[in-house]
Amino acid sequence: MTISISIPVNIEIRSQVERDVAMSLVQKLSGAPEDTPEEFRLLMLIEAIEVWDAKHEQEEAASQLARSPLLVWMSIIAPHGQSFQAG
């Protein structure tokens, strides 16, 4: 007995390479007729790419914040409500 699943139930992108492949597939599937397995795959791929992008935008923002030691230092030296004066 062979079971074939032609429509993915869940797509998770785990790497930049997988994202690139997904984008390529989106381009190939764009214009798929409505209510077809191809349109369903297209929508699933688009959703997976959006999830990947949102996750990596958050990670990049957190990374940039972590690279800002001056802001952390200034908030310790001059707590809220006080001004910081160099000199």
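Keep in mind that what you see is a predicted model, and the values were worked out from it rather than measured.
Both V21 and I46 are members of a single hydrophobic cluster when ILVMFWY side chains are connected at heavy-atom separations under 4.5 Å.
One distance of note links OG of S30 with CG of L45; it measures 11.5 Å at 0.5 Å rounding. Remark: I13 CD1 to M23 CE distance equals 9.5 Å, nearest 0.5 Å.
Residue pairs meeting the salt bridge (Lys or Arg N to Asp or Glu O under 4.0 Å) criterion with at least one member in residues 25-37: none, sequence neighbours excluded.
Among residues two or more places apart in sequence or in another chain, the side chain to side chain contact (heavy atoms under 4.5 Å, CB included) test is passed with E59 by K55, H56.
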Hey, can you pull the donor-acceptor pairs under 3.5 Å for the side chains in residues 47-54, sequence neighbours left out?
{"from": "D53", "atom 1": "OD1", "to": "R19", "atom 2": "NE", "distance (Å)": "2.7"}
{"from": "D53", "atom 1": "OD1", "to": "R19", "atom 2": "NH2", "distance (Å)": "3.3"}
{"from": "D53", "atom 1": "OD2", "to": "R19", "atom 2": "NH2", "distance (Å)": "3.1"}

